[in-house]
There are 2 protein chains.
Amino acid sequence: MDINGAVSAFGALSQKTRLDVFRLLIAAGPEGMSAGDIGETLGVRQNTMSANLSVLLQAGLVRNTREGRTVRYFADLGGTSALLTFLMSDCCGGHPELCSQVIESITCRKS
Amino acid sequence: MDINGAVSAFGALSQKTRLDVFRLLIAAGPEGMSAGDIGETLGVRQNTMSANLSVLLQAGLVRNTREGRTVRYFADLGGTSALLTFLMSDCCGGHPELCSQVIESITCRKS
DNA sequence: TCGATAAATCAAGATATCATGAATTATGGA
DNA sequence: TCCATAATTCATGATATCTTGATTTATCGA
């Protein structure tokens with residue numbers, strides 16, 4: 001991850017529909033969701049959703065695979081890790097204990 | 001943190017200068033940096049830097065305190081935690097072990 | 001009080017982003 | 001092959017964002 005990739009990833013997350021999509025896919029886990037279901041769930045038109053999914057794909061935050069006529073989308077945890085690593089690199093001025101709160105805050109919790 | 005706050009925070013990070021500033025302040029740790037030093041370090045004009053710092057402040061990603069004629073800025077780890085918690089909430093579809101890679105990726109490292 | 005330094009604010013022009021209607025591509029079933 | 005469904009692509013007008021010059025506010029030292 002370089003600065004340009006990070007800027008485009010944060011740009012992808014800086015729009016309500018796309019942030020909703022990413023969080024929906026994070027919650028959906030390994031099963032992912034089809035493009036159509038995502039649009040229906042969030043009440044967004046088909047072509048608008050397609051454009052927004054494309055931005056998330058380009059940013060490396062989601063992946064997709066075609067299944068017949070539908071396309072299934074997933075959160076890309078590798079891309080997400082790379083982004084957060086870039087954001088927090090060399091953190092806390094040599095006092096790593098200071099950002100333990102950040103690490104603990106994203107510890108996974110069930111529903 | 002709600003969806004609007006998260007959108008504005010990611011929007012704040014979706015611009016090269018502001019992302020540079022945030023990462024500089026993350027690396028600077030508790031000592032922070034003055035607005036002037038930040039601008040000089042990054043080669044950004046005074047009023048442009050002030051406008052960008054204001055966006056980061058508004059988004060809750062940095063804090064500041066005045067020290068005489070200078071204003072010192074710090075990364076706001078509380079705001080950062082809130083943002084990442086919101087991003088990753090209810091993650092991985094009930095399989096929390098799947099996003100351990102994300103957590104490990106931001107484990108603090110020295111320089 | 002006066003001049004100099006540090007930073008914030010304001011208005012405006014340039015650039016980028018966004019949602020939408022229309023058209024196109026891809027796939028499956030009859 | 002033909003039709004219907006799922007999704008993407010494209011052009012465009014509306015909106016938002018960004019940088020900049022000019023100005024203003026805040027603070028310090030003389």
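Labels below follow one simple rule: chain letters A, B, ... track the order of the sequence lines, proteins then strands, and each chain is numbered from 1.
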Subject >> Letter per nucleotide, 5' to 3', of nucleotides 22-30 of chain D [B base touched, S only sugar-phosphate touched, - untouched; heavy atoms, 4.0 Å] >> reply: B---SBB--
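Rotation axes derived from the C1' atoms of the five outermost pairs at either end of the helix from C:dT1-D:dA30 to C:dA30-D:dT1 lie 30° apart, to the nearest 10°.
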**OP:** Assess whether side-chain contact (heavy atoms from CB on, under 4.5 Å) is satisfied between A:R18 and A:L61, documenting all intermediate values.
**Re:** CA-CA 10 Å; A:R18 289 192 301 260; A:L61 291 168; over 6 Å; no
**OP:** Let me see the working for B:I3 and A:K16 under side-chain contact (heavy atoms from CB on, under 4.5 Å), right down to the final yes or no.
**Re:** CA-CA 7 Å; B:I3 184 77; A:K16 180 180 186 311; 4.0 Å; yes
Original post:
Please walk me through it: do A:E31 and A:F74 pass side-chain contact (heavy atoms from CB on, under 4.5 Å)?
Top reply: CA-CA 7 Å; A:E31 291 185 15; A:F74 311 85; over 6 Å; no
Subject >> B:L56/B:D76 under side-chain contact (heavy atoms from CB on, under 4.5 Å): CA gap, chis, key distance, verdict >> reply: CA-CA 10 Å; B:L56 287 166; B:D76 187 327; over 6 Å; no
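Taking 4.0 angstrom as the limit, B:Y73 places none of its side-chain polar atoms (N or O) nearer than this to OP1 or OP2 of C:dA6. A close approach under 4.0 Å does not occur between any side-chain nitrogen or oxygen of B:R72 and OP1 or OP2 of C:dA6.
Rounded to whole Å, atom C1' of D:dT17 lies 16 Å from atom CG of B:L13. Taking atom CD on B:Q58 and atom P on D:dA16, their separation rounds to 16 Å, with Å as the unit. Taking atom CG of residue A:N52 and atom P of nucleotide D:dT9, one finds them 13 Å apart after rounding to whole Å. A:D20 places its CG atom 12 Å from the P atom of C:dA19, with the value rounded to the nearest Å. When rounded to the nearest whole Å, the span between CG of A:L57 and P of D:dA7 equals 13 Å. In this structure, the CZ atom of B:R45 is 17 Å from the P atom of C:dA6, given to the nearest Å. Spacing between atom CD of B:E40 and atom C1' of C:dA6 amounts to 12 Å, rounded to whole angstrom units. In this structure, A:N4 places its CG atom 14 Å from P of C:dA16, rounding to the nearest Å.
Ranking D:dT19, C:dT9, D:dA7 by closeness to the B:T48 side chain, first place goes to D:dT19. Closest contact between the side chain of A:A35 and the listed nucleotides D:dA7, C:dA7, D:dG21 involves D:dA7. The B:N64 side chain lies nearest to C:dA8 when the options are C:dA8, D:dA7, D:dT19.
DNA chain D is contacted by both B:Q15 and A:L53; A:L53 maps to the nucleotide lying nearer its 5′ end (nearest heavy atom per residue).
Side chain of B:T41 to backbone of B:D37: a donor-acceptor contact under 3.5 angstrom is found. Between the side chain of A:R45 and the backbone N or O of A:N47 there is no donor-acceptor pair closer than 3.5 Å. For the pair A:T85 (side chain) and A:S81 (backbone), a donor-acceptor distance under 3.5 Å is present.
Stacking of B:R23 on the aromatic ring of A:F86 is recorded, both the 6.0 Å distance cut-off and the 45° axial limit being met.
Residue B:S34 is in sugar-phosphate contact alone, with no base atom involved, counting any heavy-atom pair closer than 4.0 Å across all strands shown. Heavy atoms of A:S50 sit under 4.0 angstrom from at least one base atom.
Residue A:L53 comes nearest to A:A35 through the heavy atom pair CD1-CB, 3.8 Å, listed as atom of the first residue, atom of the second, then distance.
Residue A:I106 holds its CD1 atom at 6.5 Å from OG of B:S105, rounded to the nearest 0.5 Å.
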